[in-house]
Amino acid sequence: MSNALTPQNPVPVTLVPEKFANPLRQIQGVMAQPAVRRAGPMALMVGLIGAAGLAWSALSTPPQKTLFSGLPDSDKAAVTTALSAANIPSHIDDSAGTLTVNEEDFSKARLLLAGQGLPKAAPGGYAILDELPMGVSRAVEGERLRQARETELARSIQEIDAVAEARVHLAMPEASVFVRDNAAPSASVVVKLQGGRSLSDAQVQSIVNLVASSVPGLKPDAVTIVDQMGGLLTKSGDGPDSANDKRIEFQRRVEDKYRQQLIQLLTPLVGAGNFTAEVQADVNLDETSATRESYDKEGRLRAETGNWTGNMATNAPPSGIPGALSNTPPPASQLSTPQPATGNPGTPAAQPAAGGPAPDPAKQTDAFQRAYDLNKEVSVTRAAPGNIKRLSVAVLLRDPEKTKRTAMEIQQINDLVKSAVGFDQSRNDNVTVISRKFADASADAAAAPKWYDNALVPMLARNLTALVIALLVLLLGVRPIAKALMKKREDATTAKDAAADANKADGAALTDASGEGTDGEKADGEHIAVQAPVSLDQIETSQSYEERIDAVRGFTRDNPARAALAVRDMLVADAKP
């Protein structure tokens, strides 16, 4: 054996980092330590498993929705007990004081709690009046009464199917003994509608009448209704917009009436779904008034004033004592030739009218003023709106699968439609009936709700996404790290086995040297594998820290004396100044 080991390339001594060294180098130094490097894969695996758990909890938990807020502790206990009995998970946020449930369980929880009358301790409506202490002022009592009335009205409005929540605000001024100082009450209603729902005009008017009827002196015009988006639902009864809405609504009702008549007529004939009908009615919505006066050509004599003169030559003037000849017969009549009537010079004598009465032969001239009444008729006509000026009807029939409808059949259906809608040629009404093939059912299926619109799809997507992330973390992160750890453990076990074999080989070599065996064989004939010795060159050419440690261990095992001398020289060298 050689005397001493003189290393040609001494191992450099690493200086201890200073207190204010580079933090990155300190971290690299810490990570380069063998204990940290051995524990690093395990820490990374634990971190990946924790990240997968967090991802699973974040994605698998459905979104929460507030069920109640501001409940007392007694109500919270009762509500959570009822929800737990129904297998509905719930969560209480102590900071906000809210009780939340899963979004898909919200409706089910509301129905369950409503059926059990929960929450009970929350005052509402006229129950607020029961909590009034004794000795409160009239103003406080009035405010509580108004609050109770608002709550009851809001509950009544929430009974409507399309309304999810409602709030009512009443403005009720104090009564005054002076009439001029009295102000009319008013009200405002805020409604939160269900998703995808809306209120019709009839429903809005019903809410207006409900509020107006519940408050004394409140007129329907003083009630305002607003939805959750800020849209004004009430409309003023005056103005052009209201008149136009009424006209459009009237026209829609007329068209719906005719459409229903066509549906009832054609459904038994061609079957439901085998036709479609549309009606366009041009309705006269103008209200007109007319006054007419008419007179008859032939008049009626109302008054006559005037005089006339006759031929007095043959008539003796009256004479004698009046009444003396009253009982004597009249004298014999004498015929005389009538003289023509003389009038103004140049005026011809009046000629008798043909077919008329003969002129009086004793009349010479006349002067009369006559007044006639003509026949007079006064007619007032008022046309009410709603008359149909023109009607257009279009009917589309579905052709049978293998045949087509004949022209005679289409004409018969056309005549039926004309009779159903009251066809009038003078109004230029138009009725069109045709028969064609309808679109395929695939178009209807495309228009139908998609499968991904179902409420269960988001929940399944969240769970599947969380499961896929967890599997990817296990397969791509945990599994390679576990394999690396197992491989290092196997390598360490193999190294230990190799070291044990080397020790056995050294013992066998010593046995051979003492004459107990020859040619590397024991007495029983077992063959022992001898490990190659480690040289200084192998120590210097080692790449990693672990390989160098293994090489030093092997060199120390093979050359214990030289290793001891090398350690002694290093200690002596460090002791020198």
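This is a predicted model, so every value here is computed, not measured.
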Decide whether Gln205 and Asp201 meet the rule of one side-chain donor and one side-chain acceptor closer than 3.5 Å.
-> no
First locate atom CG of Leu210, then atom CG of Leu153, and finally report the distance between them rounded to the nearest 0.5 Å.
-> 6.0 Å
Go through Arg146 and Glu143 one step at a time and tell me if the side chain to side chain contact (heavy atoms under 4.5 Å, CB included) criterion holds.
-> CA-CA 5 Å; Arg146 181 183 59 80; Glu143 288 297 321; 2.4 Å; yes
Could you pull out the closest heavy-atom pair between Gly422 and Asp429, with the gap in Å?
-> O-OD2, 4.0 Å
Does atom CZ of Arg427 have more than 12 heavy-atom neighbours from other groups under 6.0 Å away?
-> yes
Ion pair present between Arg155 and Glu159, side-chain N to carboxylate O less than 4.0 angstrom?
-> no
Does Glu103 have any salt bridge (Lys or Arg N to Asp or Glu O under 4.0 Å) partners at least two apart in sequence or in another chain, and if so, which?
-> none
Which pair of heavy atoms, one from Ile157 and one from Ala166, lies closest together, and at what distance?
-> CG2-CB, 3.8 Å
Output the distance between atom OG1 (Thr100) and atom CG (Asp93), rounded to the nearest 0.5 Å.
-> 7.0 Å
When rounded to the nearest 0.5 angstrom, what distance separates CD1 in Ile88 from CD in Glu104?
-> 10.5 Å
With distance as the sole test, does Asp227 use its side chain to make a donor-acceptor pair with the main-chain N or O of Gly230 at under 3.5 Å?
-> yes
Examine the side chains of Arg149 and Thr151 and answer whether a donor and an acceptor come within less than 3.5 Å of each other.
-> no
Does any N or O in the side chain of Gln251 come within less than 3.5 Å of the main-chain N or O of Asp282, such that one atom is a donor and the other an acceptor?
-> no
Decide yes or no on side chain to side chain contact (heavy atoms under 4.5 Å, CB included) for Val191 and Ile160, but give the supporting numbers first.
-> CA-CA 11 Å; Val191 294; Ile160 300 176; over 6 Å; no
With Asp256, which residues qualify under salt bridge (Lys or Arg N to Asp or Glu O under 4.0 Å), at least two apart?
-> Arg259
Using modelled atom types only, decide if a donor and an acceptor are shared between the side chain of Gln203 and the backbone of Ser200 within a distance under 3.5 Å.
-> yes
Interatomic distance, Asp221 atom CG to Thr234 atom OG1 [nearest 0.5 angstrom] | 9.5 Å
Compare all side-chain heavy atoms of Tyr258 with those of Leu391 and state whether any distance is below 4.5 angstrom.
-> yes
What are the two closest heavy atoms between Gln194 and Val163, and how far apart are they?
-> NE2-O, 4.0 Å
Flag side-chain contact, heavy atom, 4.5 Å: Val283 against Phe250 = yes
Mind running side chain to side chain contact (heavy atoms under 4.5 Å, CB included) on Val189 and Thr224 for me, showing each step along the way?
-> CA-CA 6 Å; Val189 182; Thr224 304; over 6 Å; no
Please assess Val395 against Thr276 for the test side chain to side chain contact (heavy atoms under 4.5 Å, CB included), listing each intermediate value before the final yes or no.
-> CA-CA 6 Å; Val395 178; Thr276 177; over 6 Å; no
Output yes when Arg144 and Glu141 qualify as a salt bridge under the 4.0 Å nitrogen-oxygen rule, no when they do not.
-> no
Are the side chain of Arg405 and the backbone N or O of Arg398 linked by a donor-acceptor pair below 3.5 Å?
-> yes
Is the backbone of Gln280 close enough, under 3.5 Å, to the side chain of Glu255 for a donor and an acceptor to pair up by distance?
-> no
So, are Arg197 and Asp161 salt-bridged, with charged N and O less than 4.0 Å apart?
-> yes
Starting at CD of Glu150, measure out to CE of Met172 and round the result to the nearest 0.5 Å.
-> 9.5 Å
Beyond-backbone contact of Ile434 with Ile410, side-chain heavy atoms, under 4.5 angstrom = no
Would a 4.5 Å heavy-atom cut-off, applied to side chains only, mark Phe275 and Thr267 as touching?
-> yes
What one should report as the nearest heavy-atom pair of Ile263 and Pro268 is O-CD, 4.5 Å
Is a side-chain donor or acceptor of Thr80 paired with a backbone partner of Ala77 at a separation under 3.5 angstrom?
-> yes
Heavy-atom pair of closest approach, residues Leu83 and Val101 | CD1-CG1, 3.9 Å
Output for pair (Phe68 CZ, Thr98 OG1), nearest 0.5 Å, gives 12.0 Å
Scanning both residues in full, the closest heavy-atom pair of Ala212 with Lys219 reads CB-C, 4.1 Å
